[in-house]
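Please read these numbers as outputs of a predicted model, since none were measured by experiment.
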Amino acid sequence: MALSLSAAVLLGIIVFVLLKGGYVRVGSMLACTLFGFTLAGTGLAPTINSGLASIAGLLSSL
């Protein structure tokens with residue numbers, strides 16, 4: 001739970017910085033957000049979550 005919350009906060013900060021810097025437009029951000037929510041509802045969600053957990057475990061062991 002703490003890992004997913006901190007990942008969400010980190011990704012939110014990255015999106016905010018990219019949006020403020022002009023690298024990402026609002027329409028693109030909304031499309032990516034909706035795609036993420038749609039992807040989370042599919043059968044691929046457990047695979048994505050386990051992949052993110054593996055990457056976080058790898059980074060924490062460094």
Sequence neighbours excluded, which residues qualify as side chain to side chain contact (heavy atoms under 4.5 Å, CB included) partners of Val24? Leu18, Ser28, Met29
Determine whether Tyr23 and Val15 fall in the same hydrophobic cluster, where Ile, Leu, Val, Met, Phe, Trp and Tyr are linked whenever their side-chain heavy atoms lie under 4.5 Å apart. yes
Specify the closest pair of heavy atoms between Ala45 and Ala40, including all atoms of both residues, with the distance to one decimal. CB-O, 3.3 Å
Only counting residues at least two apart or in another chain, list the ones meeting side chain to side chain contact (heavy atoms under 4.5 Å, CB included) with Leu34. none
If two hydrophobic side chains count as joined below 4.5 Å and joins carry through other members, does Leu19 share a cluster with Phe37? no
One should read off an interatomic distance between Cys32 SG and Leu30 CG, to the nearest 0.5 angstrom, of 9.5 Å
Taking only residues two or more places apart in sequence or in another chain, which ones pass side chain to side chain contact (heavy atoms under 4.5 Å, CB included) with Thr47? none
Given the rule that I, L, V, M, F, W and Y join up when any side-chain heavy atoms are under 4.5 Å apart, are Leu11 and Ile55 in one cluster? no
Applying a strict under-4.5 Å side-chain criterion to I, L, V, M, F, W and Y, I'd like to know whether Ile48 and Phe35 cluster together. yes
